[in-house]
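Encoded as structure tokens, the structure appears first; notes follow it.
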Amino acid sequence: MNEFLQQVVNGIAWGSLYALIALGYTMVYGVLRLINFAHGDVYMIGAMVAYYAARALLAPGTASAPAFFALLALSMAACGLLGFLIERLAYRPLRRSPKFTALITAIGVSLLLENGGQLFFGPDPKFFPQLIESREISPGSGIVITNVQLLILGVSLTLMLGLQFLVFRTRVGTALRAVSYSAETASLMGIDVDRMISLTFVLGSMLAGAAGVLVGLSNPKIEPLMGIMPGLKAFVAAVVGGIGNIPGAMAGGLLMGLSEVLVVGYVSSTYRDAIAFVILIVVLLVRPSGLFGTSLEEKV
Amino acid sequence: MSGASPQAAGGGALLEVAGLRVRYGVIEALHGVDLVVRRGEIVTVIGANGAGKTTLLKAISGLVPAAGGSIRHHGEQGTAELGRLRPHEIVARGVGHAPEGRRIFQNLTVRENLGLGAYLRRDRAAIESELAEILTLFPRLQERFAQNAGTLSGGEQQMLAMARALMSRPSLLLLDEPSLGLAPKLVRAIFGVIRTIRSRGTTLLLVEQNARLALEAADRAYVLETGSVALSGTASELASDPRVQRVYLGGDA
């Protein structure tokens with residue numbers, strides 16, 4: 001039983017990272033009906049930015065919470081800018097083109113970031129600096145939680161609550177939800193739709209950047225192709241939760257993390273990636289619009 | 001309340017559409033439409049399905065690009081060619097548009113829908129008093145205030161669409177088929193509200209298939225046929241025109 005609880009704890013910490021990435025997929029889909037396949041690579045850039053910034057700015061062996069938060073902010077800002085540029089340069093010129101064109105472009109941007117990353121950063125793995133010294137905390141009953149896991153959970157939860165507040169409690173968030181329902185009608189309210197789309201990319205990419213830094217704390221081996229599998233799983237998480245639905249992406253992310261950790265723990269690590277797609281297939285068979293999704297009416 | 005109003009005759013032009021052409025791909029939907037709306041008027045555009053009425057309103061609010069001609073708006077900030085502006089900039093000039101088919105945000109509450117109507121306004125106190133005033137025009141919305149707009153009936157959705165457009169406090173309101181699909185009693189109510197809106201100082205450009213009620217409410221009217229203005233004049237002139245009576249009023253007027 002304790003072992004199971006331990007796995008659940010690990011799964012939730014891991015899943016919160018998927019949730020952070022999944023939010024970007026789901027938000028962009030919400031406003032543009034586009035799967036931004038480059039999103040997983042933005043997460044990789046987030047890790048790389050923090051890695052190079054730490055090397056340039058910190059003395060080797062420095063481990064401090066302020067340094068971690070500074071790097072987190074820097075990576076988020078850099079990824080926000082990257083997301084802004086991706087939308088502006090790659091997707092906006094295609095706003096009136098068929099959806100398929102934008103989708104192919106998304107795959108192109110993804111390949112550009114992956115191969116560009118190999119060119120600039122080198123294909124060899126790098127070791128993310130130990131910004132936080134890992135310590136074990138035992139809340140009793142034999143479960144072990146590390147301070148790094150707590151930090152990952154705390155930061156992701158804070159970011160997700162912040163996003164939830166922004167989207168559901170503020171004027172800008174209401175405008176975002178209006179754009180996701182109908183961009184044309186939103187423009188009749190005086191909403192600058194292009195700006196809202198930019199904002200969506202910036203916010204989603206910032207969350208992916210944060211996930212990139214957080215993952216560096218627990219899995220310090222980073223390389224330019226590290227975004228492919230987590231990106232795919234976060235996409236699955238967004239679809240399982242109901243694409244376009246923000247709470248759904250969070251739940252889907254946690255489900256991905258939990259199932260992965262439990263499969264590794266109780267079945268075999270061979271299936272750690274397969275389980276995501278098994279869940280995807282089952283959910284799509286039972287609830288095609290996802291766990292939290294409402295059936296999409298075709299808009300005329 | 002009759003259609004005629006004291007301001008109607010003397011007001012200066014608020015909107016001047018000249019030679020407006022709109023194309024959807026290779027098909028031209030409007031072939032050079034001329035139309036003027038003066039300050040304080042209710043102007044109606046009547047015509048059959050597919051005559052180009054909705055396209056005309058969409059071109060004015062920037063949702064579809066003009067392929068030719070001009071749309072000049074003489075607003076508080078001076079005169080502008082609306083064809084060069086994006087939809088949100090046109091709203092900022094005081095042109096509101098309640099689109100066909102209501103197009104309310106069904107994923108948002110009634111309160112949020114109304115709040116978005118006032119998206120560009122920052123004067124919180126004025127917005128609150130405006131909201132209170134608009135809710136007295138549409139008491140049903142008050143009862144449904146915290147509900148999701150998707151749960152409203154068709155008539156309530158239409159009222160929400162109009163109320164939302166009013167929240168921007170437009171000087172010119174474009175109304176697209178406000179009576180579409182509503183029960184006769186509600187249609188009467190909607191036209192009552194249209195007159196009230198004008199009496200509060202808003203100019204209206206009203207697109208309608210219900211020609212009888214539209215002509216009753218309007219000062220002047222245009223008949224649109226397959227993308228061109230076939231007839232225009234004061235509403236009472238057109239209401240007594242034999243051709244209009246035969247085609248649009250069912251011949252028994």
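Per chain, numbering begins at 1; letters A, B, ... match sequence-line order.
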Would one find more than 12 heavy atoms of other residues, nucleotides or ligands at under 6.0 Å from atom [atom1] of [X]?
X      : atom1 : answer
B:R84  : CZ    : no
A:R195 : CZ    : no
A:F100 : CZ    : no
B:Q77  : CD    : yes
A:R92  : CZ    : yes

At what distance, to the nearest 0.5 angstrom, does [atom1] of [X] lie from [atom2] of [Y]?
X      : Y      : atom1 : atom2 : value
B:F105 : A:S180 : CZ    : OG    : 9.5 Å
B:Y119 : A:L188 : OH    : CG    : 14.0 Å
B:H97  : A:S187 : NE2   : OG    : 9.5 Å
A:R171 : B:E112 : CZ    : CD    : 13.5 Å

Under 4.5 Å between any side-chain heavy atoms of [X] and [Y], yes or no?
X      : Y      : value
B:H88  : A:I191 : no
B:M167 : A:M189 : no
B:R86  : A:D194 : yes
A:T185 : B:R164 : yes
A:Y181 : B:Q106 : yes

Next on the checklist: Among B:L120, B:I104, B:V95, B:N107, which residue has the highest count of heavy-atom pairs closer than 4.5 Å to chain A?
Outcome noted: B:N107
